[in-house]
Student: 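Quick one: the structure is below, and I'll ask about it shortly.
Remember, it's a predicted structure, so these values are computed and weren't measured experimentally. Here is the naming used below: chain letters follow the sequence lines, and residue numbers restart at 1 for every chain.
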Amino acid sequence: MKDYMLFDKNTEAVIYGYQRNAIQRMLDFDYVSNREKPSVTAIVNPTALKGGLHKAFMGEKELLIPIYPTIGDVMKNHGKIETMVNFASFRSAFPTTMEALDYEQLRVITVIAEGMPERYAKEITAKAKKIGGKILIGPATVGGIVAGAFKIGNTGGMLDNIVESKLHRAGSVGFVSKSGGLSNEANNIIGRNTDGLYEGVAIGGDRYPFSTLTDHLFRYEANPAIKMIVALGEVGGEDEYKIVAALKEGKITKPLVMWNIGTCAGIFKTEVQFGHAGARADKASETATAKNEALREAGAIVPDSFETYDVVIKETYDKMVADGKHKPIPLTEAPAMPMDYAKALKDKVIRKPRNFVATISDDSGDELAYGGPYGSERSMTISDVFKNDIGIGGVISLLWFKKLLPTWATKFLEMAVMITADHGAAVSGAHNAIVTARAGKDLISCIVSGMLTIGPRFGGAVHGAAKYFSGASDAKKSPLEFVTEMKQAGINIPGIGHLIKSVQNPDQRVTLMKEYAKKNFPNTDILDFALKVEEVTTSKRNNLILNVDGCIGILFTDMMRSSGAFTAQEMQEVLDLEGLNSLFILGRTIGMMGHVFDQKRLKQPLYRHPLDDILYY
Amino acid sequence: MAQRGIREFYGKRMLAKYLPEYLGGSFGYEGEIALVDENTNWDTLAKENPWLKDKPLVAKPDQLFGKRGKHGLLLINKNLSEVRKWIDERMNKETKVGKITDSLTHFIIEPMVKHEEEYYLAIKSNVTGDTIYFSTKGGMDIEEVWDTVSEIDVPASTDIETIDVAAKLPAELDDKKRELVTKYIKGLYKYYADLHFAYLEINPFAMSGDNIFPLDMVARLDDTALYECVEKWGETDFPPPFGRAMTKEEAYIKSLDEKTGASLKLTLINPKGRVWTLVAGGGASVIYADTIADLGKAEEIAIYGEYSGNPNTELTYEYTKTVLDLMTRTKHPKGKVLLIGGGIANFTDIAKTFTGIIKALKEYKDKLIKNDVKIYVRRGGPNYKEGLDLMSELGKTLGVPIEVYGPETHMTKIVSLGLEEK
């Protein structure tokens, strides 16, 4: 590549900093510019210590760009990279740029960060000069663009603007400014009034930019593809006088349209710091008006104000064409860019059926909601959950049944969870959890191992009791009839019978629940029926009492029926869904976790069952 | 962010605290200096600075302007009670300094230093590095004796020890003094560079035996280096220049600016002005001000301001509210003009920034109508179509006219549209 060129259609870049949007915008530009290969070859992400891959689009195709933790790693692996776009913060922009200068292959380096200390900017400039052959752009800039070839970072804005401003193919105008924001405005002006931009650079608004307006003007002068030059200077500094000198010495011969902004500075009574750090006149020669006059006198084409900047550009360009000095470069059509899915969806251009449906909660609103979508009548926001103090019973009610049951019902759910929370270390769930914990396994493995024993024999009676007792009660059977039928069918009545407890020695858990239901439930039909059945069974043997599983199952059914909140179909659904077992599973998990913690705290060794307890036969 | 002036008080205290490090030993200046503002308790001040009672004193305002002797604002060789009386008479009084009038709010008191010679020393940042200026003719008007000033260039990244400073000093210095001045200049330069000064002028500084005393000092720091110098700069603040005391609204916008990666700037120029701007971009904002002035309406410019770097909706809302509040305080017989302008953004989301602006405009609907405000919009960039549509929609309900233009219209066209006498 010639010295006066910044980039061409084959320039490959490394992006310092994981700037997903800027990278995609560069690749989008590559696509509409008909580049063969993407311009972004590698990314440095100093926090990705193991590196990685970044997925991006080039047109409709996807590609993977390697990510490295250091510039050095990139240099080792990608010898063709010749430019770095440095998105490092103002804190790290200095050391990273100093490092980048050490790599011979990096010819052009752009520093985006605003707020680099002036001393450091000057040190970078000094180092680059000493090495020689480097082109630096920045700091505090958006960068620059070579139309149809390479775009630095976010320069040129969005794709529609790029195509509208004809930046997807080379025109014949060179542009340079301090301001990055205005460079895009200039792209637009140049695109509308000439055959388009060839190259544009924003050197940055700081007081001591790495490269000056003049540096770039000289490149444009040397580049035969550039036929006219447009520039935008500003108040502050004296760089513009180098241009005046260059014009006078005949070092700039191409038509130069230039305007310096900040002519208003003189009218303010006291000093105003403009948006650019360097935009402050320390002496009369640094004012915009003085610069405009000096440039005009030296032969530059200077409009009367920014108002006619576009007019003057057009006149200058048209004259060049009329004089036969330039043949307009025809506009080529940019390939159509596939629309981003997110944008298409937002613009309602496309629709797509959802693969997932969720109706019990919603985290997509302003606030998490339980019970249904955020804002719907049946849902409740997490702050209301606490404001109304609905307890864990209320939360269960919202998430399992999508409705908030009355307080007497949610309190019953809590009671069931509390009562079933644990039943000592000997039952199968706790036992398995303990054995697994002692085998040194992690928490979730221990809990799962215990939970997997829950089923028809362990905890399953809850469901069975609800099913058989409500069935018999609904069929208006007499307690004796029911007991007899079950016996004939060879089925042990679920929820009846206890190993230790008896009529004389009642199970306190059952007593507590019965008392609660009698006091608070509007109606306890099935419990009443079950208690009559218990009278029949205990007359045969005194330990055939209504046990805790049976009591929960039966009261759960009474609760659903007397709350009036469920239709018959919904109630059947709850049964079919093992809604009753879920209470037991939920409660018992608390206990199993306790056992696991207990075993681990006690540093219990691997359990081995005693041989004398096994019958080998 | 840029180079910003600091008070002499903080400059000298920093010098006393850190310069010895760079000189490799004390240089005799102990940093005896006291700052007085309207809240100063004189008893506490005297307790904390015992020398105030023992030594003859010098007092002067400390508000970033020089030539205080010339303006009759220098008190020399007085005791503490005389100094107090002198300061009390001037505290919070509007005072004219040159062409600028403002309140005197900060004074410094120092012991008077007996000395024979007054030297001039300054270090100034420039494009290629720094330049050190030295003269044995220190005093008030160095410009008048500029031909006595020696200039020593220190290119960026150059170790000052590699430069033969002594050889470049004026011939009239004897060997002993030359050695002392050289040592002082080298130490001071290292201190200046390490602490990210952009400008440091000690005029005059006095030589008294082996000791050196800064009598008068002006300093500017590069405030972008705050992240590195926060400890050494200590409580140093960046007061507004004399005559530019910040209004409540300017201070508020500055506080927002400091909290975000985006940029928000506001300078009130003429609160009764007719033309108000909400312009995006450091460069574009200047062009709008230029164009208003070019059209002969400079005296009507109410504010200079800009927002850029993709501020979020909340920030543009707060910014706009502040501007609208200022704008709707006093009526103008011809009504007012609000220019919502900007170039074609590179990455600022127009729809988002406009959403904040629109929210504020809606809030000020009644006041905008009462003040007979006309609004002109011109903008381009990411999502600009959506942003402009939002503005056009607002125009149907706001009750004041809004004209909306995009990239197809020249950036400053809305200035002439807005200022046309209809």
Student: Using a strict 4.0 Å threshold on nitrogen-to-oxygen distance, state whether B/Glu386 and A/Lys346 make a salt bridge.
Tutor: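 Counted as a salt bridge, because a side-chain N and a carboxylate O are separated by less than 4.0 Å.
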Student: Is the shortest heavy-atom distance from the side chain of A/Tyr120 to the side chain of B/Glu228 under 4.5 Å?
Tutor: yes
Student: Would you find a donor on one side and an acceptor on the other, under 3.5 Å apart, between the side chain of B/Asn346 and the backbone of A/Val142?
Tutor: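 No, B/Asn346 side chain to A/Val142 backbone: no donor-acceptor pair under 3.5 Å.
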Student: Given a strict heavy-atom distance threshold of 4.5 Å, which part of B/Phe197 is in contact with chain A: side chain, backbone, both, or neither?
Tutor: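 For B/Phe197, the contact with chain A is made by the backbone alone.
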Student: Please look at B/Asn270 and chain A and tell me whether the side chain, the backbone, both or neither of the residue comes under 4.5 angstrom of a heavy atom of that chain.
Tutor: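 For B/Asn270, there is no contact with chain A at all, as no heavy atom is under 4.5 Å.
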Student: Check each atom of B/Glu408 against the heavy atoms of chain A and say whether the ones under 4.5 Å are side chain, backbone, both or neither.
Tutor: both
Student: Can you tell me which portion of B/Thr291 sits under 4.5 Å from chain A's heavy atoms? Options are side chain, backbone, both or neither.
Tutor: side chain
Student: Against chain A, work out which of B/Asn383, B/Asp130, B/Val415 has the most heavy-atom pairs shorter than 4.5 Å and name it.
Tutor: B/Asp130
Student: Does any N or O in the side chain of A/Asn184 come within less than 3.5 Å of the main-chain N or O of B/Ile344, such that one atom is a donor and the other an acceptor?
Tutor: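 Judged by distance alone, yes, a pair lies under 3.5 Å.
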Student: Heavy-atom pairs under 4.5 Å with chain A - which of B/His196, B/Lys413, B/Glu299 has more of them than the others?
Tutor: B/His196
Student: What part of B/Ala280 gets closer than 4.5 Å to chain A, counting heavy atoms only: side chain, backbone, both or neither?
Tutor: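 For B/Ala280, neither part sits under 4.5 Å from chain A.
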Student: Chain B: which of A/Gly157, A/Gly181, A/Pro117 shares the most heavy-atom pairs with it under 4.5 Å?
Tutor: A/Pro117
Student: Taking every non-hydrogen pair under 4.5 Å, which of B/Gly309, B/Gly129, B/Pro155 racks up the most with chain A?
Tutor: B/Gly129
Student: Return the orientation label for the B/Tyr227 and A/Phe90 ring planes: parallel under 30°, perpendicular over 60°, tilted otherwise.
Tutor: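 B/Tyr227 vs A/Phe90 ring planes: perpendicular.
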Student: When only pairs under 4.5 Å are counted, which of A/Thr212, A/Leu159, A/Asn188 shares the most heavy-atom pairs with chain B?
Tutor: A/Asn188
Student: Using non-hydrogen atoms only, which part of A/Thr125 is less than 4.5 Å away from chain B: side chain, backbone, both, or neither?
Tutor: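 Neither the backbone nor the side chain of A/Thr125 comes within 4.5 Å of chain B.
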Student: So which of A/Met116, A/Glu118, A/Arg207 actually passes side-chain contact (heavy atoms from CB on, under 4.5 Å) with B/Asp222?
Tutor: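 The passing option is A/Glu118.
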Student: Measure distances from A/Phe306 to the heavy atoms of chain B and classify the residue's part below 4.5 Å as side chain, backbone, both or neither.
Tutor: both
Student: Is it the case that more than 12 heavy atoms not belonging to B/Lys352 sit under 6.0 Å from its NZ atom?
Tutor: no
Student: Name the region of B/Lys99, side chain, backbone, both or neither, that has any atom closer than 4.5 Å to a heavy atom of chain A.
Tutor: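 For B/Lys99, no heavy atom lies under 4.5 Å from chain A.
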Student: If we only count heavy atoms from C-beta on, is the B/His410 to A/Ile189 side-chain gap below 4.5 Å?
Tutor: yes
Student: For chain A, find which of B/Thr128, B/Thr158, B/Val127, B/Ile287 contributes the most heavy-atom pairs closer than 4.5 angstrom.
Tutor: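 With the most close heavy-atom pairs to chain A, the winner is B/Ile287.
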Student: Specify which of B/Ala198, B/Gly342, B/Ala225, B/Ala293 makes the most heavy-atom pairs with chain A at under 4.5 Å.
Tutor: B/Ala225
Student: If we ignore hydrogens and angles and just use 3.5 Å, is the side chain of B/Asp290 paired with the main-chain N or O of A/Cys264 as donor and acceptor?
Tutor: yes
Student: Can you tell which part of A/Asn154 gets under 4.5 Å to a heavy atom of chain B, answering side chain, backbone, both or neither?
Tutor: both
Student: Go through the side-chain N and O atoms of B/Ser157 and A/Lys130 and say whether any donor and acceptor fall under 3.5 Å apart.
Tutor: no
Student: Determine whether B/Met411 and A/Leu182 make a side-chain contact, defined as any pair of heavy atoms from C-beta on separated by less than 4.5 Å.
Tutor: yes
Student: Just give me the residue among A/Glu123, A/Glu164, A/Glu307, A/Lys129 that pairs up with chain B most often, heavy atom to heavy atom, under 4.5 Å.
Tutor: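 Top option by heavy-atom pairs under 4.5 Å: A/Glu307.
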Student: Is it the side chain or the backbone of B/Ala345 that comes within 4.5 Å of chain A heavy atoms, both, or neither?
Tutor: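 Contact with chain A: backbone only.
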Student: So which part of A/Arg119 gets closer than 4.5 Å to some heavy atom of chain B, the side chain, the backbone, both or neither?
Tutor: both
